[in-house]
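What you see is a predicted model; the values in this text were computed from it and never measured.
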Amino acid sequence: MLDYKLSMDKIVENTKENTVLLSIRGATVCDNTAKSIQSSTEQLYKAIIEANNLNDKNVNVTAVFVSMTKDLTASFAAAGLRGLCDCAIFSSSEPEIEKSLPFCIRLLVQVNVAKGTKAQHIYQGGAKTLRPDISKFVIALDGPSGSGKSSLARLVSQNLGIMHLDSGALFRSVAVKLIECGFYKDKLLVDDERLTSVLQATNIVTKCKDGLQRIFLDDKDISSIIRQHEVSKATSDIAINTAIREYVKTVQYKMACTQSLIVDGRDIGTVVFPNTEFKFFVVASIQERAIRRQRELKRKGHDIDLNSLISDIQKRDFNDSNREVAPLKQARDAILIDTTSKKLEQSSFEVLQHIYSTKHNSV
Ligand code: C5P
């Protein structure tokens, strides 16, 4: 009752001062232990206060609403807010919706602020997947060719409603540009200065058209040519060039500024987005990767001997893993996903479970 009166007084007092009531949202995930529930709630509340510049003692928090998913039974999340706020706190349980995010705590903080103030909503760890539109994140998926990372990235992207960016396709697009300009024939035929100016004048955009991802080079759809043998060979050669790697990195950064992404490649978790909290390294046995490639080629009408595919893959693995610039390797904090003899859905489930249960790193 006292809390309620205090909150009402704050609302009345601030209405007089030309302020508005702002609702700020947040969510986090935790383990089902009293310590994890309470400290995660405390961290989330503090992050909301800080991100919204509410440290000023004159700012009035009028109410906090807390919800917990039903799998959290070890403690009240609101207990984590004791001593942090003197307003009304209301707890409830979240509706049980199929496939919704487990072990999740949600907060709604109501504050009186100056008119025109915008709310910064805070989603932490696996809870970022609740609002990929406002809490931008990157999922890094690295691995050798044929490990299944592209198909996996596509399925995870569909599940989370975020964009899939195939970084290999970006390198392939640069290769197409250099071939078209006459700057590649069996090797790069251009000096650093010329290369820089060509890259500066290159525009690569990926778009989703009729549910399929298309890649555009200087406004031309080149999706059907980037996988041609000639382009693959050129791509491997040009991918070791530092200026080209920097250019592709910039394209990826620009895309990550405006949206959440799942990016697959060789160096995404180690070099391009080393600070992302969602990192995976996808592998499969050589035999299985060769069989997959053989099947893919058969669908396109080519019958290739398995042993020659195995030796091709071994060569490519060696080149990717032993090059000096951004070699293929598992980041120390990446989770290993072995797709050998697993259905795609099974690997995707594994990746999603890891993402959903990722805790905010300061808890
Ligand atoms: O993944 P994909 O096979 O399409 O990649 C094409 C080439 O681009 C590979 O030969 C690989 O060496 C290079 N690449 C890279 N770094 C990435 C993605 C691809 O060096 N992040």
Side-chain angles (χ1 to χ4, degrees), residues 28-29 43 47 51 122-129 131-132 134-145 147-150 152-154 156-157 160 162-174 199 204 206 235-236 238-283 316-339 347 350-363:
T28 193
V29 291
Q43 298 280 341
I122 302 291
Y123 291 81
Q124 298 179 324
K128 285 182 180 165
T129 58
R131 292 301 303 266
I134 56 174
S135 229
K136 292 180 190 62
F137 60 90
V138 170
I139 303 168
L141 217 67
D142 287 309
S145 53
S147 58
K149 61 185 187 312
S150 286
L152 186 53
R154 207 172 307 123
V156 173
S157 81
L160 295 176
I162 61 172
M163 176 157 177
H164 166 213
L165 175 59
D166 171 359
S167 66
L170 300 178
F171 282 100
R172 286 170 182 272
S173 303
V174 174
L199 292 174
I204 302 172
T206 63
T235 307
S236 282
I238 61 132
I240 54 169
N241 180 285
T242 314
I244 293 173
R245 295 207 77 83
E246 283 304 309
Y247 169 77
V248 170
K249 208 199 274 184
T250 310
V251 174
Q252 297 176 73
Y253 287 165
K254 277 192 193 148
M255 293 180 77
C257 278
T258 55
Q259 63 204 308
S260 290
L261 294 175
I262 177 160
V263 191
D264 75 272
R266 309 289 192 285
D267 60 341
I268 310 305
T270 47
V271 176
V272 186
F273 295 105
N275 297 324
T276 183
E277 59 208 308
F278 309 116
K279 282 186 199 175
F280 299 89
F281 195 75
V282 187
V283 295
R316 225 166 135 184
D317 280 0
F318 183 84
N319 287 344
D320 282 348
S321 313
N322 291 286
R323 67 184 180 208
E324 261 172 50
V325 198
L328 167 70
K329 65 171 183 220
Q330 182 176 356
R332 259 193 299 141
D333 50 348
I335 289 158
L336 187 76
I337 304 285
D338 189 341
T339 65
S347 303
E350 222 177 290
V351 169
L352 286 168
Q353 289 311 301
H354 281 292
I355 294 171
Y356 290 151
S357 60
T358 300
K359 314 283 175 307
H360 177 52
N361 51 22
S362 71
V363 176

Considering non-hydrogen atoms only, spot the tightest contact between S173 and I204 and give its length.
CB-CD1, 3.7 Å
Of all heavy-atom pairs linking S157 and M163, the shortest is CB-C, 4.2 Å
Ignoring hydrogens and angles, tell me if any N or O in the side chain of K128 forms a donor-acceptor pair with the backbone of F137 under 3.5 Å.
no
So do the side chains of V272 and V263 get within less than 4.5 Å of each other, counting heavy atoms only?
no
Interatomic distance, OG@S167 vs CZ@R266, rounded to 0.5 Å, equals 7.5 Å
Restricting to non-hydrogen atoms, name the atom on G125 and the atom on E277 that form the minimum distance, rounded to 0.1 Å.
CA-OE1, 3.7 Å
Return the CD to CG distance between Q252 and L170, rounded to the nearest 0.5 Å.
5.5 Å
Determine yes or no for a side-chain-to-main-chain donor-acceptor pair under 3.5 angstrom, with S321 supplying the side chain and D317 the backbone.
yes
Is a side-chain N or O of T276 found less than 3.5 angstrom from the main chain of V138, in a donor-acceptor match?
yes
Intermediate values then yes/no, side-chain contact (heavy atoms from CB on, under 4.5 Å), V174 and I238:
CA-CA 8 Å; V174 174; I238 61 132; 3.9 Å; yes
Compare all side-chain heavy atoms of D166 with those of R172 and state whether any distance is below 4.5 angstrom.
no
Just wondering, do Y356 and V29 contact through their side chains at under 4.5 Å, heavy atoms?
no
What pair of heavy atoms forms the shortest contact from N241 to A243, and how long is it?
OD1-N, 2.9 Å
Step by step, work out the side-chain contact (heavy atoms from CB on, under 4.5 Å) result for C257 and K136.
CA-CA 8 Å; C257 278; K136 292 180 190 62; over 6 Å; no
Please round to the nearest 0.5 Å and tell me the distance separating atom CG of D338 and atom OG of S147.
10.0 Å
Could you pull out the closest heavy-atom pair between T28 and H360, with the gap in Å?
OG1-CB, 4.3 Å
Would you check if the side chain of T270 reaches a backbone N or O of A331 as a donor-acceptor pair within less than 3.5 Å?
no
Does D320 use its side chain to pair, donor to acceptor, with the backbone of L328 at less than 3.5 Å?
no
Mind running side-chain contact (heavy atoms from CB on, under 4.5 Å) on V325 and R245 for me, showing each step along the way?
CA-CA 9 Å; V325 198; R245 295 207 77 83; 3.5 Å; yes
For M255, is there any backbone N or O sitting under 3.5 Å from a side-chain donor or acceptor partner on T258?
yes
Atom pair CD1/CD1 of I162 and I139 - distance to nearest 0.5 Å:
4.0 Å
Should Y123 and T129 be marked as a side-chain contact (heavy atoms from CB on, under 4.5 Å) after you check the CA-CA gap, both sets of side-chain angles, and the distance that decides it?
CA-CA 8 Å; Y123 291 81; T129 58; over 6 Å; no
Rounding to 0.5 Å, atoms CG (L165) and CD1 (I268) come to a distance of 7.5 Å
Would you compute the distance between atom CZ of F273 and atom CG of L261 and round it to the nearest 0.5 angstrom?
6.5 Å
Any sub-3.5 Å donor-acceptor pair from D264's side-chain atoms to L141's backbone N or O?
no
Closest non-hydrogen atoms of Y247 and L199, given as atom of the first, atom of the second and distance, are CE1-O, 3.3 Å
Answer yes or no: are there more than 12 heavy-atom neighbours, outside I335 itself, under 6.0 Å from its atom CD1?
yes
Examine distances only and state if a side-chain atom of D142 and a backbone atom of F281 form a donor-acceptor pair shorter than 3.5 Å.
no
Would you find more than 12 non-hydrogen atoms of other residues, nucleotides or ligands less than 6.0 Å from K329 atom NZ?
no
Do I355 and F280 come within less than 4.5 Å of each other through their side chains, counting heavy atoms only?
yes
Just by modelled atom types, is the G143 backbone N or O under 3.5 Å from a matching donor or acceptor in the K149 side chain?
yes
